[in-house]
4 protein chains.
Amino acid sequence: MPMDSSTTAGAADRGAANARTRILDAAEALFADRGYEASSTARIAGRAQVPKGLVFHYFPQKIDVLVTLVDERTFVEELREQPVEAVPGDPAGTLSRLARRLPLHASPAMRRILFREADTHRSVRERLGRLNGEVFLRARRALELALPGARGDQARLEVAAATFTAVLIYQENLSSLTGQHVDPDAVADLIARALGA
Amino acid sequence: MPMDSSTTAGAADRGAANARTRILDAAEALFADRGYEASSTARIAGRAQVPKGLVFHYFPQKIDVLVTLVDERTFVEELREQPVEAVPGDPAGTLSRLARRLPLHASPAMRRILFREADTHRSVRERLGRLNGEVFLRARRALELALPGARGDQARLEVAAATFTAVLIYQENLSSLTGQHVDPDAVADLIARALGA
Amino acid sequence: MPMDSSTTAGAADRGAANARTRILDAAEALFADRGYEASSTARIAGRAQVPKGLVFHYFPQKIDVLVTLVDERTFVEELREQPVEAVPGDPAGTLSRLARRLPLHASPAMRRILFREADTHRSVRERLGRLNGEVFLRARRALELALPGARGDQARLEVAAATFTAVLIYQENLSSLTGQHVDPDAVADLIARALGA
Amino acid sequence: MPMDSSTTAGAADRGAANARTRILDAAEALFADRGYEASSTARIAGRAQVPKGLVFHYFPQKIDVLVTLVDERTFVEELREQPVEAVPGDPAGTLSRLARRLPLHASPAMRRILFREADTHRSVRERLGRLNGEVFLRARRALELALPGARGDQARLEVAAATFTAVLIYQENLSSLTGQHVDPDAVADLIARALGA
DNA sequence: TATGAATGAGTGTTCATTCAT
DNA sequence: AATGAATGAACACTCATTCAT
C-alpha cells in the first residue's frame, strides 16, 4: 500500500493503487450497490478518481469491466486447488468446515454482483454455474469421505450436497433479500441427521 | 372495473385485453427477460402495442409499473387464505403437497422479477420478504402438524422449515442461474428423514 | 359565495363557484406564481378541481385562458369611466389621490401576469400598453388641473406624468423584483416640487 | 482560458467562437426573445450549432445556462469599481452622466432576461437586486456630491435616487412593454428641479 | 355539459463511446 | 498512458390537444 514502486516513478502516481485497480474497485462497489445497468461509466470514473476517458483505455467496452471483475475477483481456481478435508463419521462437522474454508466468503460485493447479473449476462451466469458446480462437487466428495459406510444411496447424497450448496452460496443473498436467516451449521447438522444413523 | 370476460375467450384475447393489462403483460415479460433497468418504457409500450404516452397515463412513473406488477401479480394474500394441509406421520408427503399447492408456481416470470429487483428496490424486497415469511410459516406449521409427537426440538424444526422454504422459493432461479437442479420432493424426503424416526 | 343559484340545480354544482370561474381562478394563481409556460393545463384543472377535458371545453386553446384572464380581470374600461379628480394648487395630493383610486390595486396576481407575459404575448402587451396609456393620460390631466397657471412647459409636465405612471404601475413589481421600495406618495411630492413654485 | 483574440476580428468571428460561448450566445438571444421556459435546450443547441449533448457537457442543468449568463454577462462588479463622478452644482448633468456610463447599456438582451426571469428564479432576482442596489447607491452618492449644500433632507434625496434608478433600469423594458418612452435626461432634469434651487 | 382515455411530438437529461491531443 | 471535449441515440417523462361517450 505505501507506494507501488513497481511502476516508473512519475507525477501521475498519486493515489494509492494504480488506475486500473481503482476503476475495478469503484465498479465492484457500484455494481454491487445499484446494479450494472444503473452504474454509468462516468460514475465509475468519478468514484475511481480517474478521467472518464481512461476507463475506456483499460476496458474498451463497459461490459468488459464486469467481465474482468468476474474473471479476476471470483476465486473458482483457488477453490479447485484446495484439498477436500473430511472427518470420517462426522458429516456435520465436515460440511461446517467446508463452509468456513470457502474463499467465497471474501467479497460480499462480488457475490451480489454474481447473482444479480447472472440473470442477464451469460458470462456471469457461466461463472456462477462453475462456482456452484465446484462447491457441489466438494460437498458431495466431503460427504462421501465423511460417511465411508456409504449409508444411504448415491441419489440421496447428491440431494444433500445440492441442498447444502444452495444454502451456502445463496445464504447471504437469502437473508438480505428475504430477511430470513439460515445458519449453515444448523443446516449441516440437519443434513447429517438425514444421512446418518 | 375490469370486464375482460365480455370478450371471447381464447388466444386472440391477448390483443383484445385492455391497454393497462397489455402494458403490465409486456412489462412482466421484459422485466423478467432483461431486468427492470434494461427495459425501456418505449419498449414496453411497443410490445404492448400502445402509444408511449399511455404508459404514463396509467403509471405516472416507470417504477410504478414494477410496483403494480408486484402488488397485483404476486399472490401473497391468496397464499395466506389457503388452509395448511398436513398428513400426520408423513412429513415428506406434507411438504411435497405444500410445494405443489403454492400459487407461486403460477408465474415464473414474476419470480425472476421478484428476486432480481429485490436487490435494488425496497418495495420489491419487502414483498419478497412477506412471501418468504408466509411460506416459512406454513412449512413450519405443516411440519408441526405432520409430527404430532413433537419429535426433535423446535429449533431444528425451524431450520428444516427455513431450508425447505429457501429451496422452494429459489428453486427455479437456482436451476436457471447455476444449472443445478434441486427437486423439492427429494428435499422434502431428506428433511423428513432428518426430523423423523 | 353561498350557492351560485343562477345555474340550474344539479349534482355537478358542488364547489363554490362554477367550473369556468374556478378554472380562471386556478390559472390566475398559477400564472402569477410560476408563469404561463410553466403552468400546465393539467395542473390548472387539478387546482380548479375539474377534469382535464373541461378546460378545453371552455378554452379551446391554452392561450385562451391567458387572453380571457387579461380581458376579464384587468379593469381598463372601469378606469376610463372614472372621473379625474384634482385639487388646484395641490399637485402632490392630486397624484396621491389618483394612485389610491386606481382599480389596479385590486389584484397583485394579475399585475404580475401582465408584466411577465407582456414580454412574450402580444395581446397581453397591448393590454398593458392601454393600461399604461390610460394611467398616463389621467396623470397628465390631473396635473394640468392641479396646476392651472400652466407653470412649466408642456414637455416637463409629460415627463412628470410618465415618471409617476411608471412608478405607480411598476411599483409592486419593482419592490418584489429588486427589493427597492418606492413610495408613490413621496414620488408625488417630489414631482410636485419639480413642477411647483 | 479564453483566447478568442487569436482569431481574426470581424463578423465571421461568431462561427469561430468556442462551443461554450456559442451556447451562451444562443441562449441569451433565445431567452431574451421568448423566455427561459419557452426556449428548449434543443433549440439552443441548434442555434449554437452544437450537438444537443454538448450543452449538458458544459451546463449540467438547463438552469445553469441561465445562471451562468447572469453571472458572466451582468456587470455588477465592473459597475462597483467605477468611480462616481459628480459636478457640484449640476445634479441634472451628474445624473445624466451616471446614466450614460452605466455598463448596463451594453446588453439589452440581458436586461430583458434579468427582469423576466427574476420573477420566477431566485438567483436571477438576487442579481437584479444587487444591480439595482448598486445603481441606487451611486445615484444617491452622485446627488450628495452634486448638492454640497445639502439642500433638501436626506429622505427626499433617497426618493430621488430611487426614482431615478427605477427609471434608468426599467427604461427599456418600460418602453418595449408599454410603449411609453421615458427619457432619462428629462427625468434627471425633473429631479434636479425638485431638489434644486 | 362533462369526462378521462388516448396520442405523439417534444422536453430535459443521461449515456457509452470516440477521438484529437 | 492520459485527458476531456465531442457526439447522437436513447431515456423517462410532460404536454396540449382530441375524441368517443
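Proteins get letters first, then strands, A, B, ... in listed order; numbering begins at 1 in each. Treat the numbers as computed from the prediction; the structure is a model and nothing was measured.
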Integer-rounded Å distance: [N] [atom2] and [X] [atom1]:
X: Asn18(B); N: dA20(F); atom1: CG; atom2: P; value: 20 Å
X: Tyr36(A); N: dC15(E); atom1: OH; atom2: P; value: 13 Å
X: His57(A); N: dT18(E); atom1: NE2; atom2: P; value: 14 Å
X: Arg22(B); N: dA5(E); atom1: CZ; atom2: P; value: 15 Å
X: Lys52(D); N: dC11(F); atom1: NZ; atom2: C1'; value: 10 Å
X: Leu54(C); N: dG4(E); atom1: CG; atom2: P; value: 10 Å
X: Ile23(B); N: dA5(E); atom1: CD1; atom2: C1'; value: 11 Å
X: Gln49(C); N: dG4(E); atom1: CD; atom2: C1'; value: 17 Å

For dC13(F), which nucleotide is its Watson-Crick or G-U wobble mate, given both distances must be under 3.5 Å? dG10(E)
Checking base pairs now: Watson-Crick or wobble, both atom distances under 3.5 Å. What partners dA1(F)?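 dA1(F) is paired with nothing.
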Both Tyr58(B) and Ala42(A) contact DNA chain E. Taking the nearest nucleotide for each, which residue is further toward the 5' end? Tyr58(B)
Nearest nucleotide by nearest heavy atom, which residue falls closer to the 5' end of DNA chain E, Val55(C) or Phe59(D)? Val55(C)
Here's one to test your reading of the geometry: is the NZ or CZ of Lys62(D) within 45 degrees of the ring axis of Tyr36(D) and under 6.0 Å from its centre? yes
Name the closest nucleotide to the [X] side chain, picking from [options].
X: Lys62(B); options: dA12(F), dT13(E), dA16(E); result: dA12(F)
X: Ala19(D); options: dA6(F), dA12(F), dA16(F); result: dA6(F)
X: Gln61(D); options: dT3(E), dT13(E), dC15(F); result: dT13(E)

In a check of side-chain hydrogen bond (donor to acceptor under 3.5 Å, both in side chains) between Thr120(C) and each of Arg34(D), Arg116(D), Glu37(D), which one passes? Arg116(D)
Between Ala38(B) and Pro60(B), which residue's closest nucleotide on DNA chain F lies nearer the 5′ terminus? Ala38(B)
Taking for Val50(A) and for Ile63(B) the nucleotide of DNA chain F with the nearest heavy atom, the one nearer the 5' end belongs to Val50(A)
Would [X] and [Y] pass as an ion pair if we require N to O under 4.0 Å?
X: Asp71(D); Y: Arg127(D); answer: yes
X: Asp25(B); Y: Arg73(B); answer: yes
X: Arg47(C); Y: Glu28(C); answer: no

Can you find a side chain N or O atom of Thr41(D) that sits less than 4.0 Å from OP1 or OP2 on dT11(E)? no
Ser40(D) side-chain N/O to dT11(E) phosphate OP1/OP2 under 4.0 Å: yes
